[in-house]
Student: 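I am attaching a structure below and will ask some questions about it afterwards.
Computed from a predicted model, the values in this text were never measured in an experiment. FYI, side chains are in, hydrogens and waters are out, and symmetry mates aren't considered; it's all heavy atoms of this structure.
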Amino acid sequence: MSHRTIALMAVLPMLLAASPPAEAQVEGMGALKGRVYFDLQKGLSDSNEDVLTYRFRRLYFGYDMQISEEVKGRFLVDAGQDPGGGHSVFLKHAYAEWQAANGLTLRVGQQGTIMYSEIEGIWGYRSIAKTFQDNFGIRSSSDLGILGAFSVSDLVGVKAMMSNGNGFKRKDDNAYGKAYEFKGLITPFEGLLVSAFFGINGFDSDGDPDTDDMENAVTMDLSVGYQGEGYTAGGSLTTQSNHGFSSGSDGLGFCAFGKYSITDSPFGLLARYDSWDPDTGVDDNTETLMILGLDYSAAEGLHIIPNIQHVKQGGRDAVNTFLLTFHWEW
């Protein structure tokens with residue numbers, strides 16, 4: 001991370017605290033927030049047995065503001081480790097949210113995408129691994145656009161989002177068509193959530209904006225999550241044509257996870273299994289991820305989570321890794 005970036009991150013909180021919107025400053029409505037994911041990794045397989053390293057998986061730092069009774073906003077930066085070992089800082093969220101009418105919310109700016117936001121909240125362990133759809137590159141977690149959410153009733157809700165479609169890390173807008181996404185949410189009874197998603201994301205198949213060869217990646221997802229007394233279970237079934245903005249690569253996969261809180265203790269158990277085939281027309285290229293972990297709630301705002309992750313890509317040998325993950329937030 002450059003000295004300029006470090007200086008910016010150090011000065012940013014003071015600027016935000018000193019110069020919020022007038023209403024927020026008068027009424028004192030605003031909060032600095034942060035989350036950090038740090039872990040120790042130890043390889044357990046022949047291919048990674050020499051790996052013993054410490055790293056920041058992710059650092060989030062932002063400011064939530066209540067501008068008025070109907071309007072609020074968020075600014076959030078995201079720092080992650082590059083493959084080369086350095087760190088890059090990205091703008092993750094910068095949006096205004098307007099409660100336009102009873103049950104209707106509009107959000108404008110860079111924000112979380114709608115495909116898997118609810119099931120990610122039910123999984124609850126982004127500190128361990130990204131949500132299935134994000135982990136395999138099915139959809140970026142954030143994008144620049146406009147979102148509308150409407151509660152039809154206590155049982156039914158709908159969301160729609162129009163965005164650039166290129167996520168929050170890609171910079172070449174000309175190589176992508178826009179994304180149009182729709183989602184229905186049903187809560188048949190307390191604790192159960194069912195979501196159905198449909199999205200179209202355009203892209204330039206040859207990367208030349210001067211030629212007329214735009215195609216669409218079409219994504220469909222069905223996710224179910226249940227949060228009961230001391231336990232949680234959920235999963236997703238996802239398909240995507242032209243996966244990775246690659247013509248003819250049709251992906252198919254699923255995810256299943258579960259969590260259990262041990263009664264009258266600070267400990268919980270977690271498990272997850274992912275299977276993703278990035279191109280169903282090619283044999284032996286399915287990617288799988290298995291996670292087993294123990295969550296220790298050490299203190300308010302601090303979780304210590306030892307876990308083992310098993311990763312297999314196609315015909316390659318599986319890679320097993322032990323991680324001791326620390327997740328703290330404020």
Student: Between Thr187 and Asp154, does the side chain to side chain contact (heavy atoms under 4.5 Å, CB included) criterion hold? Intermediate values first, please.
Tutor: CA-CA 8 Å; Thr187 53; Asp154 292 339; over 6 Å; no

Student: By side chain to side chain donor-acceptor pair (under 3.5 Å), which residues pair with Thr131, not counting sequence neighbours?
Tutor: Glu120

Student: Any donor-acceptor pair under 3.5 Å linking the side chain of Lys259 with the backbone of Trp123?
Tutor: yes

Student: For the CG atom of Leu252 and the CG atom of Leu237, what is their distance to the nearest 0.5 Å?
Tutor: 6.5 Å

Student: Under 3.5 Å, is there a donor-acceptor pair between the side chain of Gln309 and the main chain of Met290?
Tutor: no

Student: Give a yes or no on whether the backbone of Ser249 and the side-chain of Ser246 come within a donor-acceptor separation of less than 3.5 Å.
Tutor: no

Student: Do the numbers put Lys92 on top of the ring of Phe168, so that NZ or CZ is under 6.0 Å from the six-membered ring centre and no more than 45° off the axis?
Tutor: yes

Student: Testing the basics here: between Gln111 and Gly145, what is the closest heavy-atom pair and its distance to 0.1 Å?
Tutor: NE2-O, 3.0 Å

Student: Quick one: pull up NZ in Lys178 and OG in Ser163 and give me the separation to the nearest 0.5 Å.
Tutor: 8.5 Å

Student: In terms of relative ring orientation, are Phe38 and Trp328 parallel, tilted or perpendicular, with 30° and 60° separating the classes?
Tutor: tilted

Student: To the nearest 0.5 Å, how far apart are NE2 in His327 and CD1 in Ile304?
Tutor: 12.5 Å

Student: Mind listing the closest non-hydrogen atom pair of Ile67 and Gly73 along with its distance?
Tutor: CD1-N, 4.4 Å

Student: Strictly distance-based, threshold 3.5 Å: is any side-chain N or O of Asn242 a donor or acceptor partner for the main-chain N or O of Asn216?
Tutor: yes

Student: Is any side-chain N of the basic residue among Glu287 and Arg316 closer than 4.0 Å to the acidic one's carboxylate O?
Tutor: no

Student: Using the rule given for side chain to side chain contact (heavy atoms under 4.5 Å, CB included), can you reason through Leu52 versus Asp50, listing the C-alpha separation, both sets of side-chain angles and the distance that settles it, and then say yes or no?
Tutor: CA-CA 6 Å; Leu52 176 60; Asp50 294 331; over 6 Å; no

Student: For the residue pair Phe267 and Tyr296, is the inter-centroid distance of their aromatic rings smaller than 6.0 Å?
Tutor: yes

Student: So which heavy atom on Glu215 is nearest to which on Ser247, and how close?
Tutor: OE2-OG, 2.8 Å

Student: List the steps, then state whether side-chain hydrogen bond (donor to acceptor under 3.5 Å, both in side chains) holds for Asn48 with Thr321.
Tutor: CA-CA 8 Å; Asn48 69 345; Thr321 307; 3.2 Å; yes

Student: Run the side-chain hydrogen bond (donor to acceptor under 3.5 Å, both in side chains) test on Tyr125 and Asp295 for me, step by step, so that the C-alpha distance in whole Å, both residues' side-chain angles and the decisive distance to 0.1 Å come before the verdict.
Tutor: CA-CA 10 Å; Tyr125 285 104; Asp295 180 3; 2.6 Å; yes

Student: Does the Lys NZ or Arg CZ of Arg107 fall within the cation-pi geometry relative to Tyr95 - under 6.0 Å from the ring centre and within 45° of the axis?
Tutor: yes

Student: Tell me whether Glu49 is salt-bridged to Lys42, with the criterion being a basic N under 4.0 Å from an acidic carboxylate O.
Tutor: no

Student: Are the side chain of Lys312 and the backbone N or O of Gly314 linked by a donor-acceptor pair below 3.5 Å?
Tutor: yes

Student: If I compare all heavy atoms of His310 with all of Asn320, which pair ends up nearest, and what's the gap?
Tutor: ND1-OD1, 2.7 Å

Student: So, for Phe245 and Gly165, which heavy atoms are closest and what is the spacing to 0.1 Å?
Tutor: CZ-O, 4.0 Å

Student: Classify the angle between the aromatic ring planes of Phe254 and Tyr273 as parallel (below 30°), tilted (30 to 60°) or perpendicular (above 60°).
Tutor: tilted

Student: Residues in ring pair (Phe, Tyr, Trp, His ring centres under 6.0 Å) with Tyr116, at least two apart?
Tutor: none

Student: Between CZ of Arg139 and CG of Asp221, what distance do you get to the nearest 0.5 Å?
Tutor: 12.5 Å

Student: Look at Arg126 together with Asp134 and state whether they make a salt bridge at an N to O cut-off of under 4.0 Å.
Tutor: yes

Student: Once you round to the nearest 0.5 Å, how far does CG of Asp279 lie from CG of Asp250?
Tutor: 7.0 Å

Student: Answer yes or no for Arg35 and Tyr60: cation-pi contact, defined as NZ/CZ to six-membered ring centre under 6.0 Å and angle to ring axis within 45°.
Tutor: yes

Student: Between the main-chain N or O of Met115 and the side-chain N or O of Thr113, is there a donor-acceptor pair closer than 3.5 Å?
Tutor: no

Student: Looking only at heavy atoms, which two atoms of Gln133 and Ser236 are closest? And how far apart?
Tutor: NE2-OG, 3.2 Å

Student: Mind running side-chain hydrogen bond (donor to acceptor under 3.5 Å, both in side chains) on Thr105 and Glu97 for me, showing each step along the way?
Tutor: CA-CA 7 Å; Thr105 300; Glu97 182 177 301; 5.0 Å; no

Student: Looking at Ser127, is its backbone amide N or carbonyl O close enough to the side chain of Arg57 to form a donor-acceptor pair, meaning the two atoms are under 3.5 Å apart?
Tutor: yes

Student: Should Val194 and Leu222 count as side-chain neighbours, where that means a heavy-atom distance under 4.5 Å?
Tutor: yes

Student: Measure the spacing between CG of Leu147 and CD1 of Ile114 and express it to the nearest 0.5 Å.
Tutor: 6.0 Å

Student: Counting neighbours of NZ on Lys72 that are heavy atoms of other residues, nucleotides or ligands and sit closer than 6.0 Å, is the number greater than 12?
Tutor: no

Student: Treat each ILVMFWY residue as a node, draw an edge where side-chain heavy atoms are under 4.5 Å apart, and state whether Ile146 and Leu91 are in one component.
Tutor: no

Student: Can Tyr260 and Leu270 be said to form a side chain to side chain contact (heavy atoms under 4.5 Å, CB included), step by step?
Tutor: CA-CA 6 Å; Tyr260 175 72; Leu270 61 108; over 6 Å; no

Student: Determine, stepwise, if the pair Asp46 / Asp317 fulfils side chain to side chain contact (heavy atoms under 4.5 Å, CB included).
Tutor: CA-CA 9 Å; Asp46 291 341; Asp317 292 337; over 6 Å; no

